[in-house]
Colleague: 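Structure in C-alpha cells, see below.
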Amino acid sequence: GRRHTRLVRDWSSDVCSSDLGDYSWGGIKRNAISSFKEKRTIIDYCGWEEGRVREKSALILFIFTLNISKKMELIDTHCHLFYEDMKNDISAVLNRARELDVNRFICVGTNPDDSRECLILADAHENIYASAGVHPHDSKDAPEDYLDQIAELMTSSKMVAVGEMGLDYFRNISDPKIQLNIFREQLALAEQLQKPVIFHNREADEDVIKLLSEFPNITGVAHCFSSTLDTAKTFVEMGFYISFSGNLTFKNSHLPDVAK
C-alpha cells in the first residue's frame, strides 16, 4: 500500500522509479534532486515527509506498485576473474561479492586465450558474462587469426562485448603502430557483430577519438578513465559511457572534478 511508490512523468512515457526504503507516504523533501528540461521532470529519492507534492513543471502521479524493500543490484562491469588467485577461489570470490550486493559480473578478456577462459567461467556461472578482445599491451603478440578467434567466441550468448582493446602510449609495451592496427581491426569487428566495445586509453586521447570517429555506430565503455574533462565530454557526446576506477581515489587526482 503506502510503502510502494512509483513516480510517473507527465509528457513522457518513461517511468522513473526509486527504491524508497521504509518511509511514509508524502511529499518530496527540499533536498530531493530535481532536473527540469523541456517540461520533463525527474525526481530522484532523497527523503520523504508528510505533505503535498508541489511541482509546477510536471504532473507527477503516484502509483503504489513498486516494492521498495528490494535491494539494489550492482554489476561489476570489468573484472578479470581468470586470474589464478580468482579462478581457483571463484566460489568464495562470488560469495564475498554477493554479500556486498554485487551479483553480476563481466569477465573481460585481454587476449584470445584468456577471453576463452572468461567464456568458460561464464558458461559455468549463470551470473557471469564475458567479453573477448586484445588489450593494447597484448597486441604485439596477437596471432594472425585473432579476429577469427574473437568472432568465434562472440557467437556465445554469454559474450556481451568486444574488448578489452585500445591504446596505451604511457607504457608502450606494444609498438604504437601495432596498437593502432589491432584497435582499428577490433572496432571494425565490433561494428560488424553489432556489439559494444570496452576500450583502454592512456595518454592516447587524440588517436583514440580519431579511431572511434571512424566507427560512429559503435557504443561502449571508456574503461578506467584517466584523461581530461574535454575528452570525457567528447566520449559522452559520441555515445560512450565513462568508467571511473581506483584512480579516482588517488591523492591529488583531477578525476573527481571530471566525474562531477
Colleague: For R116, I'd like to know if atom CZ has over 12 heavy atoms of other residues, nucleotides or ligands within 6.0 Å.
Modeller: yes
Colleague: Could you tell me whether a side-chain N or O of K158 sits under 3.5 Å from a main-chain N or O of I128, the two making a donor and an acceptor?
Modeller: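 Judged by distance alone, yes, a pair lies under 3.5 Å.
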Colleague: Is a donor on one side and an acceptor on the other found under 3.5 Å between the side chain of D114 and the backbone of N111?
Modeller: yes
Colleague: Taking atom CG of N103 and atom CG of L74, what is their separation to the nearest 0.5 Å?
Modeller: 7.5 Å
Colleague: Same cluster or not: are F240 and V236 linked, directly or through other Ile, Leu, Val, Met, Phe, Trp or Tyr residues, by side-chain heavy atoms under 4.5 angstrom apart?
Modeller: yes
Colleague: Hydrophobic cluster membership, with links at side-chain heavy-atom distances under 4.5 Å among I/L/V/M/F/W/Y: are L167 and F170 in one?
Modeller: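 As far as the 4.5 Å side-chain criterion goes, F170 and L167 are not connected within one cluster.
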Colleague: When you measure from the side chain of H254 to the backbone N and O of S227, does any donor-acceptor pair fall under 3.5 Å?
Modeller: yes
Colleague: Using a 4.5 Å cut-off on heavy atoms from C-beta on, say whether the side chain of T110 contacts that of H137.
Modeller: no
Colleague: Using a 6.0 Å cut-off, check whether atom OH of Y241 has over 12 heavy atoms from anything other than its own residue.
Modeller: no
Colleague: Is the side chain of S156 donor-acceptor paired with the backbone N or O of L153 at a distance under 3.5 Å, no angle test?
Modeller: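 Side chain of S156 to backbone of L153: no pair is present.
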Colleague: Step by step, work out the side-chain contact (heavy atoms from CB on, under 4.5 Å) result for D257 and L229.
Modeller: CA-CA 8 Å; D257 291 332; L229 176 60; over 6 Å; no
Colleague: Run the side-chain contact (heavy atoms from CB on, under 4.5 Å) check on D89 and R96 step by step: do they pass?
Modeller: CA-CA 11 Å; D89 195 30; R96 288 194 297 271; 3.9 Å; yes
Colleague: Can you name the closest pair of heavy atoms from V162 and I150 and give their distance?
Modeller: CG1-CG2, 4.4 Å
Colleague: Measuring from atom OH of Y169 to atom CG of D205, what distance do you get when rounded to the nearest 0.5 angstrom?
Modeller: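 Rounded to the nearest 0.5 Å, the OH-CG separation comes to 10.5 Å.
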Colleague: Is a donor on one side and an acceptor on the other found under 3.5 Å between the side chain of D168 and the backbone of R171?
Modeller: yes
Colleague: Show the nearest heavy-atom pair for residues S115 and G109, with the distance to one decimal.
Modeller: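 Residues S115 and G109, closest heavy atoms: OG-CA, 3.4 Å.
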Colleague: Name the orientation class of the two ring planes belonging to Y83 and H80 (parallel below 30°, tilted from 30 to 60°, perpendicular beyond 60°).
Modeller: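 Tilted, since the angle between the ring planes falls between 30° and 60°.
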Colleague: Without swapping roles, check the side chain of K195 against the backbone of M154 for a donor-acceptor pair under 3.5 Å.
Modeller: no
Colleague: Any side-chain heavy-atom pair from R98 and N127 closer than 4.5 angstrom?
Modeller: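 They are in contact (side-chain heavy atoms under 4.5 Å apart), so the answer is yes.
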Colleague: Which heavy atom of N217 sits nearest a heavy atom of E191, and at what distance?
Modeller: ND2-OE2, 3.8 Å
Colleague: Once you round to the nearest 0.5 Å, how far does CD of Q192 lie from CD of Q194?
Modeller: 9.5 Å
Colleague: Roughly how far, to the nearest 0.5 Å, is CG of D175 from CD1 of I182?
Modeller: 11.5 Å
Colleague: Hey, any chance I242 and I209 share a hydrophobic cluster, counting ILVMFWY side chains that come within less than 4.5 Å of each other, even indirectly?
Modeller: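 Yes, because I242 and I209 connect within a single hydrophobic cluster, where side-chain heavy atoms sit under 4.5 Å apart.
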Colleague: Okay, side chain of D138, backbone of V134: is any donor-acceptor separation there less than 3.5 Å?
Modeller: no
Colleague: State, to 0.1 Å, how close F244 and V258 come at their nearest heavy-atom pair, and which atoms those are.
Modeller: CZ-CG1, 4.0 Å
Colleague: Among the clusters formed by ILVMFWY side chains lying less than 4.5 Å apart, do L189 and M159 turn up in the same one?
Modeller: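 Same hydrophobic cluster.
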Colleague: If you measure from CG on L211 to CD on E185, what distance do you get to the nearest 0.5 Å?
Modeller: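 Spacing of CG (L211) from CD (E185) equals 11.5 Å.
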Colleague: Just by distance, do the side chain of S174 and the backbone of K140 share a donor-acceptor pair under 3.5 Å?
Modeller: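 A pair under 3.5 Å: yes.
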Colleague: Counting only N and O atoms by type, is there a donor-acceptor contact under 3.5 Å from the side chain of S243 to the main-chain atoms of C224?
Modeller: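 Side chain of S243 to backbone of C224: a pair is present.
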Colleague: Between T77 and V221, does the side-chain contact (heavy atoms from CB on, under 4.5 Å) criterion hold? Intermediate values first, please.
Modeller: CA-CA 9 Å; T77 64; V221 178; 5.7 Å; no
Colleague: If you draw a 6.0 Å radius around CD in E214, do more than 12 non-hydrogen atoms from other residues or ligands fall strictly inside?
Modeller: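 Result for CD/E214: enclosed.
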Colleague: Set out, in order, the CA-CA distance, both residues' side-chain angles and the distance that settles side-chain contact (heavy atoms from CB on, under 4.5 Å) for F225 and T231, then state yes or no.
Modeller: CA-CA 10 Å; F225 186 85; T231 298; 4.1 Å; yes
Colleague: Could you check whether any side-chain N or O of N181 sits under 3.5 Å from a backbone N or O of K177, counting only pairs where one atom can act as donor and the other as acceptor?
Modeller: no
Colleague: Parallel, tilted or perpendicular for F235 and F199, by the 30°/60° rule?
Modeller: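 Aromatic pair F235/F199 classed perpendicular.
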Colleague: List the steps, then state whether side chain to side chain donor-acceptor pair (under 3.5 Å) holds for S226 with N247.
Modeller: CA-CA 7 Å; S226 61; N247 53 356; 4.9 Å; no
Colleague: Closest heavy-atom contact between M86 and L81?
Modeller: CB-O, 3.5 Å
Colleague: Supply the atom-to-atom distance M238 CE to L212 CG, rounded to the nearest 0.5 angstrom.
Modeller: 4.5 Å
Colleague: Can you see which heavy atom on C118 is nearest to which on S131, and at what distance?
Modeller: CB-O, 4.3 Å
Colleague: Report yes or no: do V160 and F105 belong to one cluster of Ile/Leu/Val/Met/Phe/Trp/Tyr joined by side chain heavy-atom distances under 4.5 Å?
Modeller: no
Colleague: Under a 4.5 Å cut-off applied to non-hydrogen side-chain atoms, are V208 and F183 in contact?
Modeller: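 Side chain of V208 against side chain of F183, heavy atoms only: contact under 4.5 Å found.
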